[in-house]
Amino acid sequence: MVDLLPDAVLLVDDNGTIVRANPAAAALLGYERHTVEGRGVLDFLPSFDWNLTRPPAISELSKGPRAARLRTMARAADGRSFTAEISTVRLDRHTTHESIPYGSSLAICLRDVTPDEDARAALSRSLLLAEAALRTGGEALIGTDAEGRIDLVNPAAARLLGAKASELGGRELRSVLTFLGYDGEPLDAEDAPATEVLRTGRASRRSTRELRTPDGTRLTADVAIRPVIVEGRSVGTVVALADRRPFERLADEYVAAQTRCLRDHKAEVERQRARAERAVDHIRELTELLSGPVMNALHHLYAETSRLADDSSRPLWPEATAGLEALAQDVRMTMALMNRGSQPYHDDGIPVRPQRRTVLIDDLVQAGVRAAAAFAGPSRVQFSVHAPRLLVHVDPEEMTTAVGRLIADVIHTDDEDAADLGPHHVFVEALRHRSVLRIEVRGPYDGGVQEHVDIVQGIATAHGGTLRMRRAPGVGGSSYVLELPAVVQDEAGGADGTPAAADGLRPTGRHRAPTA
């Protein structure tokens, strides 16, 4: 019968010698049966308790045979060790049993439990990983059984519910976490999402749900509930809660920051509006002063100076008469500048396109020379002008302003002593290069008045041209080169055989931004 048993069985005598081994034991240990018998049991079970082979005490004989089950390490023939579970049964060595040698005192049953140990180790690692995931997860996880009682709570859920995990175990979920409806009232037990998942076996996911904790705290969370299915039956649920309060606080802080920025922006706009109103009032007062008392005083000065220069009853020497006439002209030019500067500026924000006409370059340059006095003020200037009589297709008013402002810039200086010297010599030259009109203005001073440069640059950009400034190193003065892609041709008649007249060209006050 021992040989027919599927488990490995070893029969051991009082000396610890194996007197019988069935085929299953020989196969488990990796030896032939006859090589196992006659060897000590410690050769195969190194940690075996030697006291089990000793004869029992007299008091233990009356109790009959007892079986002991324990885990130990067994050694096979190839040197490998494996975990074995052994069961021992004491035998009466004075009793003769069939198929059991006389003198056997212990029967040892061995079973290889290595697969069980591997499975237990894998299960232990899985449990450790699951526990680590539950403890370090940011979501609150709550596990319930089929009756809705809590049997799993991770630290995040305990913090969310405001209680210890040991205090929550065994309590009903609805007693520690109340689901609220859209009206803010608690839902019935049958309508709660956890109860519905247990009843239907279908997962549920709902965002931004209102909940209430046992201490009365209301919170907003994303709720995901999944059933635990065993053999087609729901035996519990896992509830995952993602607290939305940190995001709501961030949103509130963002709204508060934007509100503060908007309030500060409105305050700054109000301050700038107040400054603009004060500037407008100051400009209005200055304009009224220029157009009123100052203009009247200049007009009176001009009238008196002209009267003295033309008074034949008081003959003056020729130099004094010429000085009075020049002073009268300077006063008249000053009045013209003040009258022009006191005009209100209106900008409708719409860029003005060049009003192109066909005019003579010569007339265009001469009009710009005459317009320079309106931009430069009283000054003694001598001009050297070279402009061929060619027809160009440009905006004559804009080009007149451009030439006049370039002349005013090259004779501008901050040195009053140099300004009194004169006359200032200005060279103005207009050339044709294929279909490009090139106007060069050279003067004695460096210039660089931003108002003149910006306006001329805007006019050049509007015509599709360029403005370049050049200064010769070590030599005073500056020169501007204005190039415009205009259709240039020899002097010829228009549709009626006469060239376009430019006698009516006058400087314009229309300002154009550089990007116009």
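We find that Glu172 and Arg149 are not joined by a salt bridge, their nearest charged nitrogen and carboxylate oxygen being 4.0 Å or further apart. Ion pairing between Arg273 and Glu270 holds under the 4.0 Å rule for side-chain N and carboxylate O. Under a 4.0 Å N-O distance rule, the pair Arg199/Glu196 does not qualify as a salt bridge. The pair Asp281-Arg284 counts as a salt bridge, with a side-chain nitrogen and a carboxylate oxygen less than 4.0 angstrom apart. Ionic pairing of Arg75 and Asp43 is not present here: no N-O contact between side-chain nitrogen and carboxylate oxygen is shorter than 4.0 angstrom.
We find the CZ-OG distance between Arg205 and Ser207 to be 9.5 Å, quoted to the nearest 0.5 Å. Taking CE from Met469 and CG from Leu406, the interatomic distance works out to 10.0 Å, rounded to the nearest 0.5 Å. Atom OG of Ser47 and atom CG of Leu70 lie 8.5 Å apart (nearest 0.5 Å). The CG atom of Asp252 lies 13.5 Å from the CZ atom of Phe247; values are rounded to the nearest 0.5 Å. Note: Thr401 OG1 to Glu398 CD = 6.0 Å, rounded to the nearest 0.5 Å. Expressed to the nearest 0.5 Å, how far CG of Leu482 lies from CD of Glu440 amounts to 11.0 Å.
Leu241 pairs with exactly one of Ile225, Leu219, Leu211, Asp222 by the side-chain contact (heavy atoms from CB on, under 4.5 Å) rule, that one being Leu211.
In Arg202, the CZ atom is not crowded: 12 or fewer heavy atoms of neighbouring residues, nucleotides or ligands sit closer than 6.0 Å. Counting heavy atoms of neighbouring residues, nucleotides and ligands inside a 6.0 Å radius, atom CZ of Arg209 exceeds 12 of them. More than 12 non-hydrogen atoms from other residues, nucleotides or ligands lie less than 6.0 angstrom from CZ of Arg438.
Looking only at side-chain heavy atoms (C-beta outward), Phe82 and Leu28 come within less than 4.5 Å of each other. Side-chain contact check for Leu110 versus Leu45: some heavy-atom pair is nearer than 4.5 Å. The side-chain heavy atoms of Val481 and Arg470, taken from C-beta on, include a pair separated by under 4.5 Å. Taking the side chain as every heavy atom from C-beta outward, Leu152 and Leu141 never approach each other to under 4.5 Å. At a threshold of 4.5 Å between non-hydrogen side-chain atoms, the residues Val392 and Arg432 do not count as touching. Considering only heavy atoms from C-beta on, His463 comes within 4.5 Å of Arg356 through its side chain. Contact annotation: the side chain of Ile229 approaches that of Ser234 to within less than 4.5 Å [non-hydrogen atoms, C-beta and beyond]. In this structure, the side chains of Val19 and Glu37 stay at 4.5 Å or more apart for every pair of heavy atoms.
Scanning both residues, Val12 and Ile108, for their nearest heavy atoms gives CG2-CD1, 3.7 Å. Closest approach of Ala74 and Ala84 over heavy atoms only: CB-CB, 4.0 Å. Here the shortest heavy-atom pairing between Leu484 and Ala460 reads CD2-CA, 4.1 Å. Across every non-hydrogen atom of Ala158 and Leu168, the tightest pair is CA-CD1, 4.4 Å. The two residues Ile18 and Gly40 have their closest heavy-atom pair at CD1-O, 4.3 Å. The shortest heavy-atom contact between Ala156 and Glu139 is CB-O, 3.5 Å.
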Let me see the working for Glu185 and Leu180 under side-chain contact (heavy atoms from CB on, under 4.5 Å), right down to the final yes or no.
CA-CA 5 Å; Glu185 296 297 327; Leu180 305 180; over 6 Å; no

Run the numbers on Glu253 and Leu250 for side-chain contact (heavy atoms from CB on, under 4.5 Å), then give the verdict.
CA-CA 5 Å; Glu253 293 174 0; Leu250 289 176; 4.0 Å; yes

Pair Thr83-Met73, side-chain contact (heavy atoms from CB on, under 4.5 Å): steps then yes or no:
CA-CA 5 Å; Thr83 305; Met73 296 300 296; 3.6 Å; yes

Please walk me through it: do Val223 and Phe179 pass side-chain contact (heavy atoms from CB on, under 4.5 Å)?
CA-CA 10 Å; Val223 182; Phe179 290 87; 4.0 Å; yes

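A donor-acceptor pair shorter than 3.5 Å can be found between the side chains of Thr237 and Thr144.
Side-chain N or O atoms of Asp188 include none that pairs as donor or acceptor with a backbone N or O of Glu190 at under 3.5 Å. Judged by distance alone, with hydrogens and angles left aside, the side-chain atoms of Arg405 form no donor-acceptor pair with the main-chain N or O of Val453 at under 3.5 Å. Side-chain N or O atoms of Thr195 include none that pairs as donor or acceptor with a backbone N or O of Asp191 at under 3.5 Å.
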